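Please read all numbers here as calculations on a predicted model, not as lab measurements. Note: hydrogens, waters and symmetry copies are ignored here, and every other heavy atom, side chains too, is used. A, B, ... follow the sequence lines: proteins, then strands. Residue 1 opens every chain.
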Amino acid sequence: MNQQIRVRFAPSPTGYLHIGGARTAIFNWLFARHYKGIFTLRIEDTDRSRSTDEFLNLIIEGMKWLGLDWDEGPFRQTDRFDVYKNYAGRLIKEGKAYYCCCTPEELERKRQIAVASGLPMKYDGKCRDLNIKPAYMSTALRFKMPQEGQIIVNDLIKGHVAFENSQLEDLVIIRSDGTPTYNFVVVVDDIDMNISHIIRGDDHLNNTPKQIHIYEAFASKMPQFAHLPMILGHDKSRLSKRHGATSVLAYKEMGYLPEAIVNYLARLGWSHGDQEIFTKDEMIEYFSIENIGKSAAVFNPEKLLWLNSHYIINSNPLRLAGMVLPFLIQKKIVSEDQDIDIKWLSKAVNLLRERSKTLDELANSLRYFISDSVEIDPKASQKFLTTEGIKYLSEIRDSLSRLQDVSAAEIEKIFTDLSKTHNIKLGAIAQPVRVALTGGTASPGIYEIIEIIGKEKTIKRLSKAIEQLGKGFS
RNA sequence: GGUCCCAUCGUCUAGAGGCCUAGGACAUAGCCCUCUCAAGGCUAAGACACGGGUUCGAAUCCCGUUGGGACUACCA
């Protein structure tokens with residue numbers, strides 16, 4: 001047996017968990033679960049000015065909602081500064097890092113000049129051999145990057161990628177305020193946490209040669225790298241807020257199911273033949289880095305919506321009823337203290353399942369099942385609550401009031417009998433009833449609706465519709 | 001500007017030199033089913049960026065062009 005698989009997801013709490021981050025997390029999680037390895041969560045919060053606990057909590061909430069459980073962590077880099085100091089000390093002792101006293105203004109000026117003359121914008125190494133001693137202020141610690149030869153990144157997705165060492169600059173590993181920087185802490189943590197595979201966005205591919213040199217400076221075993229292609233917006237630029245919702249939790253609020261998000265994101269860049277729908281277990285079983293594509297993918301909200309409706313259709317109505325409840329409360333269809341029969345609710349949910357693409361939609365459709373009265377759409381009323389329609393309405397009402405067993409089957413009998421006696425299509429009766437009961441022209445089967453709404457409420461609504469015409473409202 | 005990555009229907013993708021008159025899915029259109037709306041079923045339209053090689057044979061390999069993207073911080 002080879003060494004244990006250990007991967008990590010390392011978000012920085014400078015924002016909520018977004019779609020791209022979630023996909024990286026999913027791939028890491030899938031990889032760990034597939035190989036029965038360890039998935040660790042690490043919080044990269046070395047940028048203290050931009051990191052907040054609020055974002056951290058939101059990220060954790062998002063992970064939990066998606067069902068991405070981790071085995072170790074969350075570790076916070078701000079808790080590990082002594083570790084980084086230690087590692088940095090080793091580098092200094094071995095002459096692999098040096099202090100730099102260049103000012104930001106000076107560096108910026110040099111960058112300008114480099115751009116103007118078409119040279120790479122890299123640090124010129126001014127302080128490299130000056131042997132500067134650390135001062136209280138304004139000395140940063142830089143890593144001595146090799147300046148000759150090539151470095152090959154052997155990436156599990158991108159293949160062999162070569163970089164010229166001369167393109168790499170002596171990056172700052174400890175800021176002048178004493179805090180360590182990303183490219184350094186990443187390596188230290190991955191060494192310290194014994195990470196075997198680094199699966200991350202390919203926006204980090206250019207950082208990888210620098211990081212490899214740091215690994216080498218510590219004579220550490222090299223992890224395997226796998227750089228995932230980016231997720232793009234519809235205009236093919238990197239997915240961002242201007243393309244719409246990018247926060248995972250925003251999708252929760254819009255009424256998406258976590259399994260739809262996970263399925264969609266997993267399929268974005270990864271595939272298993274022609275299969276589109278995967279259970280979690282299937283994904284874990286089939287997942288393989290080999291089947292991850294190399295090219296960036298455009299995020300397609302429509303396909304996500306389709307997957308969501310698929311999962312809603314195939315969800316247990318009782319579970320859906322529980323999930324839709326917060327939406328009903330938020331819409332004030334149900335009051336917070338209202339005692340609602342979840343079993344009864346699930347019957348209505350059952351009818352609405354295949355007509356709702358989101359829980360939000362589902363909640364809206366539930367309104368006419370739950371509310372006492374229904375608001376009738378004027379257009380629908382005009383079309384179906386005609387003199388003729390009203391006539392059928394009252395006949396249905398009469399038959400219904402005589403009915404003992406208010407079941408869909410019995411109700412159907414009433415409707416079909418009536419259509420036969422008048423020699424008219426079922427729709428001529430069903431549509432007016434539908435309008436009277438639901439307020440609109442589109443709904444689940446009318447017999448089932450009546451069964452769920454119940455005899456009393458149905459008759460009340462039919463009567464109200466009949467009265468409205470009598471008052472000249474049409 | 002420099003470095004690096006990428007390139008099959010509108011979108012996600014299958015495709016590891018002959019199985020490809022390029023398959024599936026979303027979206028779109030039509031039909032069927034039908035009490036409406038959905039769901040479901042069937043059908044249609046729709047792609048190998050371009051140019052050179054290599055090969056008996058290329059979507060698949062190589063080179064170039066073009067186009068997109070990422071990185072280029074004392075951010076991560």
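Within 4.0 Å (heavy atoms only), A:Ala140 reaches at least one base atom of the nucleic acid. Heavy atoms of A:Ala428 sit nowhere under 4.0 angstrom from any nucleic acid atom. Among the heavy atoms of the strands lying under 4.0 Å from A:Arg111 are primed sugar atoms or P, OP1, OP2 only; no base atom is included. A:Ser443 comes within 4.0 angstrom of a nucleotide base, judged by non-hydrogen atoms across all strands. Within 4.0 Å (heavy atoms only), A:Tyr447 reaches at least one base atom of the nucleic acid. The residue A:Gly201 sits apart from the nucleic acid: no heavy atom pair falls under 4.0 Å. Base engagement by A:Ile446 is indicated by at least one non-hydrogen atom pair under 4.0 Å involving a base atom. A:Glu276 comes within 4.0 angstrom of a nucleotide base, judged by non-hydrogen atoms across all strands.
Rounded to whole Å, atom P of B:C6 lies 13 Å from atom CG of A:Leu228. The nearest whole Å value for the distance from the CG atom in A:Leu232 to the P atom in B:A7 is 13 Å. As rounded to whole Å, 13 Å separates atom C1' of B:U13 from atom CG of A:Leu307. Protein atom CD1 of A:Ile157 is 20 Å distant from nucleotide atom P of B:A16, rounded to whole Å. What separates CZ of A:Arg434 from P of B:C37 is a distance of 9 Å, to the nearest Å. In this structure, the CG atom of A:Leu168 is 16 Å from the P atom of B:C71, given to the nearest Å.
Across every strand in view, B:G64 sits in a pair with B:C50 that passes the Watson-Crick or G-U test at under 3.5 angstrom. Using Watson-Crick or G-U wobble geometry with both donor-acceptor distances under 3.5 Å, B:C26 finds its partner in B:G10.
Taking only distance into account, the side chain of A:Lys303 meets the base of B:C12 through a donor-acceptor pair shorter than 3.5 Å. Interface remark: the A:Ser176 side chain does form a donor-acceptor pair with the B:C74 base, using a distance-only criterion of under 3.5 Å. In this model, no side-chain donor or acceptor of A:Glu354 finds a partner on the base of B:G40 within 3.5 Å.
A tilted orientation is assigned to the rings of A:His310 and A:Trp306, their planes being inclined by 30° to 60°.
Not one side-chain nitrogen or oxygen of A:Thr441 sits closer than 4.0 Å to the OP1 or OP2 atom of B:C37. Checking the phosphate oxygens (OP1, OP2) of B:G67, no side-chain nitrogen or oxygen of A:Lys236 falls inside 4.0 Å. Between A:Ser237 and B:G69, a side-chain N or O to OP1/OP2 separation shorter than 4.0 Å is absent.
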